[in-house]
Protein chains: 2
Amino acid sequence: MRIGELSARTGASRRSLRYYEQQGLLVSTRSPSGQRCYDDDHVQRVALVQSFLAAGMSSRTIAQMVPCMTEPNMDRAREALTAMNQERNRLSSTIDSLAAARAALDHLIDVNRNFLANAADD
Amino acid sequence: MRIGELSARTGASRRSLRYYEQQGLLVSTRSPSGQRCYDDDHVQRVALVQSFLAAGMSSRTIAQMVPCMTEPNMDRAREALTAMNQERNRLSSTIDSLAAARAALDHLIDVNRNFLANAADD
DNA sequence: CTAAACGCTCACATCGACGTCAAGGGCAAG
DNA sequence: CTTGCCCTTGACGTCGATGTGAGCGTTTAG
């Protein structure tokens, strides 16, 4: 599969896919003429990258973690494990912040509803 | 209180506070010489803004929602309610994405741990 | 064979929340 | 009055993921 199809199947733009590769998040083989070739496994890999990016991880962080899936190596695995645990903690506290913001928002919504209800009574 | 103290009490930089005001997220009275003056209520307001920004809301979005706390007005209140509900949904789905990413991360951590454990056995 | 559709690299543009620096004014203590 | 710290506005810089366009080669359908 070439880049266009991978793009269609993942929703990532061609530009993004080339960027992922440049950042070391994605590997491709090349056809004799230099075009990128992917197989079905790459679809999953891109989905994973997208998920992590959407979670606010930087491409550098992802690059630290994801390669160890393809090239397992003792030292990198240990580094990766550290990075992963850090990111796990960051994710968890981000989730907590978001939940707090949502609670604050719920409060505002409530205040607002009451205001509108009272205004209607007048 | 002037901007320096508000900054110290909220953790937001002076630059950020001026930016919030420029974006309509914060209102200040001015001393005769043009310096911004705040009272204790502003501390809470800034905390709210910070919480929303940390949740990934844009300042434009916050500006739509927050003013209705100070200047309640029927039309704005209705607009704000719409914006708030949209943001609530966005927040919820973001939280879900983060949870999914965390689950994926947990899986990677597991794979990694097993790899290290097996390698240790050799 | 040719045109359309796709791919390549390089490089500049964008957006949003700030950092940072410049050039200047306000105000209290020595 | 001056030293020092706080304040003002304005403008340019930053970072990261991606858009976009130029200029050029490749693959595919008619």
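To find a chain, count down the sequence lines: A is the first, B the second, and so on, and within it residues start at 1.
- Checking each of B:Asp39, B:Asp40, B:Asp41 against B:Arg9 for a salt bridge (charged side-chain N to carboxylate O under 4.0 Å, His left out) leaves exactly one that passes, namely B:Asp40.
- Toward the 5' end of DNA chain C, the nearer of the two residues B:Pro32 and A:Tyr38, judged by each one's closest nucleotide, is A:Tyr38.
- A:Tyr38 has its side chain within reach of A:Leu26: a pair of non-hydrogen atoms, C-beta onward, lies under 4.5 Å apart.
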Checklist outcome for this item: A correct 5'-to-3' footprint of nucleotides 17-22 of chain C, with B, S and - meaning base, sugar-phosphate only and no protein heavy atom under 4.0 Å, is BBBB--

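- Between A:Arg90 and A:Glu87, at least one side-chain N (NZ, or NE/NH1/NH2) sits under 4.0 Å from a carboxylate O, which counts as a salt bridge.
- Atom CD in A:Glu5 sits about 18 Å away from atom P in C:dA5, given to the nearest Å.
- Rounded to an integer number of Å, the gap from CZ of A:Arg30 to P of D:dT26 is 14 Å.
- Separating the CG atom of A:Leu17 from the P atom of C:dC6 is a distance of 15 Å, rounded to the nearest angstrom.
- Pairing each heavy atom of A:Ala55 with each of B:Leu98, the nearest pair is CA-CD2, 3.3 Å.
- Within the 4.0 Å cut-off from OP1 or OP2 of D:dT8, at least one side-chain nitrogen or oxygen of B:Arg36 is found.
- Along DNA chain C, the nucleotide closest to A:Gly4 and the one closest to B:Gln35 are compared, and the more 5′ of them pairs with A:Gly4.
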Next on the checklist: side-chain hydrogen bond (donor to acceptor under 3.5 Å, both in side chains), that's the test. Do A:Thr10 and A:Gln50 meet it? Break it down for me.
Outcome noted: CA-CA 9 Å; A:Thr10 58; A:Gln50 285 180 312; 4.8 Å; no

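- One can place CZ of A:Arg18 at 13 Å from C1' of D:dG21, the figure rounded to the nearest angstrom.
- Whole-Å rounding puts the B:Glu21 CD to D:dT9 P distance at 7 Å.
- Rounding to the nearest 0.5 Å places CE of A:Met84 at 5.0 Å from CG of B:Leu108.
- Between A:Arg2 and D:dT27 there is no side-chain polar atom (N or O) within less than 4.0 angstrom of OP1 or OP2.
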